[in-house]
Amino acid sequence: MQELFYSEMLSAIKRGDKLLAILIDPEKFAVSEVSNFLIKIPKETTHLFVGGSTDLNDKINEVVTALKKYSKLPVFLFPGSHHQITDAADALLFLSLHSGRNPEYLIGQQVRAASTLKSTSLEIIPTSYLLIDGGNESAVARVSETVAMSQESISIIADTALAGQMMGARLVYLEAGSGAKVPVSHAIIKSVKNTLSIPVLVGGGIRTKEQREQAYLAGADLVVMGTVFEDITI
């Protein structure tokens, strides 16, 4: 399978570009407002991520199709379960929740998705997913029945990310959770960046341009923002 979108990401990072993804929760997205939504997101946006901890109304395909109709930005799936898959997207972050110890989210959901993914045209990008304590109980922690890693455990977080890379992850995603009160600390981002040779994605609790720039300075290759834009999608 070609790695077009991953290769483009690596090339952009090598050039020194700072990437920005807007995460769209299909449960909270009004498809009728898609054009208005795309006008209001930052002009620096390079990717659209679609997914959430749940998608009770099964809107993933509808949302991705609408985004692709009005935008040329690459659309990556950020699935909360094996149900959140659609061939309408460009790529899928094949997440493994390495911060937790629940086998369902380490390998169970991935096994359930495997046969479906084999028959799609999606570019699949293995991603080590680390949930970091953002000061509140996130939907990820609740649904996955796992505990977020303490922001004080910097060396353990870096070692966990390194283990993910050694197991074949092509990306690491440091996530403080949707609506986090506290973003992933700069010390964590710096430590993980200095430990790995794969791109570092950071999201959760980043609401302002200043916070975004600080995450870049700490070493984030791609910043993910989402909750701050939900008021224009409901």
Side-chain angles (χ1 to χ4, degrees), residues 1-13 17-29 31 34 37-38 41-42 44-55 58-98 105 109-110 113-114 116-131 140 164 168-175 177-178 198-204 206 212 215 220-230 233:
M1 181 178 292
Q2 291 185 335
E3 294 186 340
L4 173 64
F5 295 100
Y6 183 72
S7 294
E8 288 179 347
M9 182 182 291
L10 292 182
S11 296
I13 292 169
D17 297 350
K18 295 304 181 183
L19 307 179
L20 173 64
I22 302 303
L23 175 59
I24 299 158
D25 186 335
E27 281 194 343
K28 300 176 181 178
F29 190 79
V31 173
V34 63
F37 169 80
L38 291 168
I41 62 176
E44 301 90 350
T45 302
T46 59
H47 296 76
L48 299 174
F49 286 3
V50 181
S53 297
T54 59
D55 181 16
D58 195 23
K59 291 177 59 182
I60 194 84
N61 183 70
E62 180 185 8
V63 170
V64 171
T65 300
L67 291 170
K68 294 296 292 182
K69 180 179 179 180
Y70 289 96
S71 174
K72 294 183 179 180
L73 292 173
V75 178
F76 284 23
L77 297 179
F78 177 68
S81 77
H82 68 284
H83 295 295
Q84 294 183 32
I85 297 173
T86 171
D87 217 12
D90 297 302
L92 175 140
L93 300 182
F94 199 45
L95 304 171
S96 186
L97 187 59
H98 288 154
Y105 291 90
Q109 286 291 319
Q110 294 80 356
T116 300
L117 291 174
K118 184 179 180 181
S119 62
T120 73
S121 61
L122 289 168
E123 181 175 323
I124 300 165
I125 307 174
T127 303
S128 178
Y129 187 41
L130 275 61
L131 182 61
V140 177
R170 310 298 295 277
L171 303 171
V172 63
Y173 193 141
L174 305 176
E175 166 75 281
S178 177
I198 58 176
V200 177
L201 284 57
V202 181
I206 300 175
R212 189 172 82 217
D221 295 301
L222 183 150
V223 168
V224 182
M225 301 176 73
T227 303
V228 68
F229 298 108
E230 286 181 357
T233 60

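In this text, all values refer to a predicted model and were calculated from it rather than measured experimentally.
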Are any of the side-chain heavy atoms of Phe29 and Val50 separated by less than 4.5 Å?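 Contact flag for Phe29/Val50 side chains = no.
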With side chains defined as the heavy atoms from C-beta onward, is the minimum distance between Pro79 and Leu92 less than 4.5 Å?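 Yes, side chains in contact.
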What pairs with Phe76 under ring pair (Phe, Tyr, Trp, His ring centres under 6.0 Å), at least two apart in sequence or on another chain?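 Result, ring pair (Phe, Tyr, Trp, His ring centres under 6.0 Å) vs Phe76: His47, Phe49.
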What's the verdict on side chain to side chain donor-acceptor pair (under 3.5 Å) for Tyr129 and Glu175, showing C-alpha distance, side-chain angles and the deciding distance? CA-CA 7 Å; Tyr129 187 41; Glu175 166 75 281; 3.3 Å; yes
Any residue meeting side chain to side chain contact (heavy atoms under 4.5 Å, CB included) with [X], in chain and number order, not counting sequence neighbours:
X	answer
Thr46	Leu19
Leu38	Val34, Ile41, Leu48, Leu67, Tyr70, Ser71
Glu27	Asp25, Thr54, Asp55, Leu56
His82	Gln109, Arg112, Ala113

Reported CG-to-OG1 distance for the pair Leu122 and Thr86, which is rounded to 0.5 angstrom: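 Leu122 atom CG to Thr86 atom OG1 measures 7.5 Å (nearest 0.5 Å).
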Any side-chain to backbone donor/acceptor pair from Glu123 onto Phe5? Under 3.5 Å, distance only.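 Flag set: sc Glu123 to bb Phe5 pair under 3.5 Å.
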Just jot down the side-chain hydrogen bond (donor to acceptor under 3.5 Å, both in side chains) partners of Asp58, sequence neighbours excluded, or say none.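 So Asp58 forms no side-chain hydrogen bond (donor to acceptor under 3.5 Å, both in side chains) with any residue.
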Checking side-chain contact (heavy atoms from CB on, under 4.5 Å) between Leu77 and each of Val64, Leu93, Leu95, Asp90, which is the one that passes?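 Among Val64, Leu93, Leu95, Asp90, the one meeting side-chain contact (heavy atoms from CB on, under 4.5 Å) with Leu77 is Val64.
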Could you check Leu10 against Glu3 for side-chain contact (heavy atoms from CB on, under 4.5 Å), going step by step and ending with a plain yes or no? CA-CA 10 Å; Leu10 292 182; Glu3 294 186 340; over 6 Å; no
